2 protein chains.
Amino acid sequence: MPQDTPGFTTHDHAACIRSALSTADAVCAARSVNLTPVRRRVLEILLESHAAMGAYDVLARLDAEGLGSKPPVAYRALTFLVEQGFVHRIESLNAFIACMHPGVAHDPAFMICRSCGAVEEAQVEAALGETATQSGFVVEQTVVEAEGLCPHCQPEAGL
Amino acid sequence: MPQDTPGFTTHDHAACIRSALSTADAVCAARSVNLTPVRRRVLEILLESHAAMGAYDVLARLDAEGLGSKPPVAYRALTFLVEQGFVHRIESLNAFIACMHPGVAHDPAFMICRSCGAVEEAQVEAALGETATQSGFVVEQTVVEAEGLCPHCQPEAGL
DNA sequence: GCAACTCTTGTTATGTTATAACATCCGAGT
DNA sequence: ACTCGGATGTTATAACATAACAAGAGTTGC
């Protein structure tokens, strides 16, 4: 049953959450790292909202549920999830979002609607690859974020 | 006389500062906007350092020179310079850097050395162009930042 | 001249994002 | 029981950023 809007399109949100969580469980088991209650709940919160959330928004949810009330609690969980690749940090929003392709190595890229705030994760092939090679720079990580208007908001903006 | 290291290469720094400042003067005149003393000095500070600087680093310089001591002074000047395209904001560093190609419309991209902090501005052709088109997203601005190791720091890191 | 306006700067106060440092807890292994 | 590593709890503060209002300087129109 499709029911919510992830990026710009509709999808079966409940199934997507279940799937992402079980992938996370499996990956953590395989890596011998611990998806503790707080960490798992933070991932779940991000999956549920299916939007970019600030660390303090996540923290507010944790606090409401008695899982922690101080900033380091949220930041530590988010740091763990980012390290494991289950969550991405959106630099231009100072926010976090659940990954759409957990367990698979990828360079994430994002399209961020400046009107409604929706964020869609995209794939991008080695941005800067050639330029970097030319200048002798070794790329380890990339941040690719586009701001603009999602299909839904274009009419309202007169496009 | 080459004397400093801008991105990863040597160049005539004094000439580069002069040139950028006179371009900024000309562009501001053409656009009928005001390159006031504070704004001009902030640009100059960023050009001199030729590195990414935090707003509060810039502010400290302004303060030392009696040009302003409160955060809004620095942020306002930086905002102006970014709007006019003389300065870029580096999202992943929460920092600012003087543009290497002022007065020319371009989508900036950056290579950021995680070891020495050097930042080189690169050109990139419409990252995400195709992906965005496919999903109906209209891109207005892009953030492209690569973290890695500059040529100088690779040996020290064992590469 | 001077009133009205715009642009810029000065200042106060506060909001938002993030981390250092240290204390405590708990389970695994011995 | 001991201790060691990983995780969490807590205090305090650092770092980044902006809202809101006051005040000056220059210019335009009268």
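Remember, it's a predicted structure, so these values are computed and weren't measured experimentally. These values consider heavy atoms only, across backbone and side chains, with no hydrogens, waters or symmetry-generated copies. The sequence lines fix the lettering, A, B, ..., with proteins before strands; numbering per chain opens at 1.
For the residue pair B/C150 and B/C113, the shortest heavy atom distance occurs at N-SG, 3.4 Å.
Between the CZ atom of A/R40 and the P atom of D/dT8 there is a distance of 14 Å, given to the nearest Å. Rounded to a whole Å, the CZ atom of B/R41 is 18 Å from the C1' atom of C/dT9. Look at CZ on A/F80: it is 7 Å from P on D/dA7, rounded to the nearest Å. The distance between atom CZ of B/R39 and atom P of C/dG10, rounded to the nearest whole Å, is 12 Å. Taking atom CG on B/D63 and atom C1' on C/dT9, their separation rounds to 15 Å, with Å as the unit. Atom CG in B/L62 sits roughly 13 Å away from atom P in C/dT11 (whole-Å rounding). Rounded to whole Å, atom P of D/dC16 lies 13 Å from atom CD of A/E91.
Residue B/T36 places at least one side-chain N or O under 4.0 Å from the OP1 or OP2 atom of C/dT9. The side chain of A/K70 contributes no N or O atom lying less than 4.0 Å from OP1 or OP2 of D/dT8.
Within 6.0 Å of CD in A/Q141 there are 12 or fewer heavy atoms belonging to other residues, nucleotides or ligands. Around NE2 of A/H152, the count of heavy atoms belonging to other residues, nucleotides or ligands within 6.0 Å does not exceed 12.
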(request) Produce a footprint string for nucleotides 15-30 of chain C: one letter per nucleotide, 5' end first; B if the base is under 4.0 Å from any protein heavy atom, S if only the sugar-phosphate is, - if neither. (result) --BBBBB---------
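A distance-only check finds a donor-acceptor pair linking the side chain of B/H13 to the backbone of B/E48 [under 3.5 Å].
To the nearest 0.5 angstrom, A/L149 atom CG is 6.0 Å from A/Q154 atom CD. A/R39 CZ to A/L81 CG: the interatomic distance, rounded to the nearest 0.5 Å, is 8.0 Å.
Using a 4.0 Å heavy-atom cutoff across all strands shown, A/L78 reaches no nucleic acid atom at all.
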